[in-house]
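Before any comments, here is the structure.
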Amino acid sequence: MSPRQTDTAAPHADVAARFRHFLEACGLDRDAFVAGVDGAIEPRTLYPILNGTRRPSRALAVLIERTWGFRADHLLDGQGPAWAEGSWAGGLAPAPGLTDFERELVTFTRRSLDNVHSMRLDLDRGQLWERLFARTAELIDALDRDDGRPSPVAIAMVFDDCLRAAAAFERFTVAIQRRRSLQLTLAYFDRYLAGDPGAGDADRARAARRHASDALTASRHEVAAHREHLEAILDTPSPIRLLADPAPEAYDALAAIVAAAIPGPAPT
């Protein structure tokens, strides 16, 4: 949400989002939070804060900073880093068993809402790649389970399947990065327009922003289409079935493979 975009039903939606991020990062529910501030606020008072219809007081924000390290200026106005220097992402002790790299990841994620969104995207993409890689490993294992040496045709089928999955994932990744770039561009235009530029410059900036907004909408559809294509690949039968199954089942598998190989809706 840009600095100038405000939901009329939730005038403090940005503050509410940062408050929810703080609670999630510290693993606090409403009761635990109230207990943590020694009853300085009642549980029912949290509801309007969390839905953005009420702004928390500075006294409460300062108490949160002193207790958990989540900075008052960041909570109330989005200014500066989210966590006070020296706090471990909210004053929590490092979880036992984590490596230094894992601690670094957790600290990075909890540092800001932008980092949370970025890591969620990377996690989602990583989990999708994990599933694709597992499919590839399963196909290779199937080759190794064949009696005797696998035929060159079977090897070629598996290799082609792996290449197709990798290429589809590459297009998906490029589309995600394009969407991120357009989101950054829109954030720039929002900040620029919030500074009340001259009339002529503002008109040009608004026109450029509309163009970037349209491109972002198209990019979101592109990401969704690539994801749908990857899911279709994951649901595709093993190409080795074309050699191993009876003809009717083999033709069914072939139809599914062809459908997954061609992006877009299936013909009716």
Side-chain angles (χ1 to χ4, degrees), residues 1-127 179-180 183-184 186-188 190-195:
M1 181 176 290
S2 73
R4 301 191 69 175
Q5 289 175 315
T6 304
D7 187 342
T8 56
H12 306 296
D14 289 347
V15 181
R18 291 190 290 270
F19 201 105
R20 290 192 299 269
H21 166 57
F22 149 69
L23 292 177
E24 181 180 347
C26 292
L28 298 170
D29 59 19
R30 294 181 180 88
D31 292 335
F33 172 75
V34 171
V37 295
D38 293 328
I41 186 174
E42 296 181 6
R44 61 183 177 84
T45 311
L46 277 178
Y47 288 100
I49 293 177
L50 292 173
N51 65 26
T53 56
R54 177 180 174 181
R55 181 181 174 87
S57 68
R58 174 158 286 275
L60 179 62
V62 171
L63 182 57
I64 289 172
E65 180 172 344
R66 290 176 180 173
T67 306
W68 290 282
F70 194 77
R71 295 180 61 256
D73 288 341
H74 181 81
L75 173 61
L76 296 175
D77 303 308
Q79 295 179 358
W83 301 97
E85 186 175 355
S87 66
W88 191 82
L92 299 176
L98 291 181
T99 66
D100 289 342
F101 177 65
E102 289 168 338
R103 292 192 183 98
E104 185 178 353
L105 283 178
V106 173
T107 303
F108 171 81
T109 303
R110 292 179 171 178
R111 194 175 296 150
S112 73
L113 284 175
D114 286 339
N115 290 355
V116 171
H117 298 326
S118 177
M119 289 301 294
R120 280 176 177 164
L121 285 173
D122 289 337
L123 176 62
D124 179 63
R125 185 171 54 181
Q127 290 173 332
R179 183 182 64 185
R180 282 180 166 180
Q183 288 170 336
L184 185 63
L186 281 177
Y188 163 77
D190 289 337
R191 182 58 59 89
Y192 177 71
L193 289 169

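What you are looking at is a predicted structure, and each value in this text was computed from that prediction instead of being measured. Index from 1, following the sequence.
Separation of atoms OG1 (Thr67) and CZ (Phe33) is listed at 8.0 Å; rounding is to 0.5 Å. Taking CZ of Arg125 as the reference point, atom CG of Leu121 lies at 8.0 Å (rounded to 0.5 Å). Taking CG of Asp14 as the reference point, atom CG of Leu76 lies at 12.0 Å (rounded to 0.5 Å). For the atom pair CG of Leu23 and CD1 of Ile64, the computed distance is 7.5 Å after rounding to the nearest 0.5 Å. Taking CD1 of Ile49 as the start and CG of Leu75 as the end, the distance is 8.5 Å to the nearest 0.5 Å. The CG atom of Leu60 sits 8.0 Å away from atom CG of Leu46, with the distance rounded to the nearest 0.5 Å.
Without hydrogens or angle criteria, Gln79 side chain to Asp73 main chain gives no donor-acceptor distance under 3.5 Å.
With a 4.5 Å cut-off on side-chain heavy atoms, His74 and Pro81 do not count as touching. With contacts defined as side-chain heavy-atom distances shorter than 4.5 Å, the pair Trp68/Val37 qualifies. When side chains are defined from C-beta on, Leu63 does not count as touching Ile41, because their heavy atoms never get closer than 4.5 Å. Within the 4.5 Å cutoff, the side chain of Phe22 has heavy atoms near those of the Leu28 side chain. By the 4.5 Å heavy-atom criterion applied to side chains, Arg180 and Ser118 are counted as neighbours.
The environment of CZ in Arg66 is sparse: at most 12 heavy-atom neighbours from other residues, nucleotides or ligands sit within 6.0 Å.
Contacts of Ala35 classified as side-chain contact (heavy atoms from CB on, under 4.5 Å), with partners at least two apart in sequence or in another chain: none.
Scanning both residues, Asp31 and Pro43, for their nearest heavy atoms gives OD1-CG, 4.3 Å. Shortest non-hydrogen contact noted between Leu105 and Met119 is CD2-CE, 4.1 Å. For the residue pair Ala72 and Glu65, the shortest heavy atom distance occurs at N-OE1, 2.8 Å.
Annotation: salt bridge (Lys or Arg N to Asp or Glu O under 4.0 Å) contacts involving residues 39-55, sequence neighbours excluded, comprise Glu42-Arg44, Arg55-Asp77. Here side chain to side chain donor-acceptor pair (under 3.5 Å) pairs that include residues 18-30, with residues two or more places apart or in two chains, are Glu24-Arg120.
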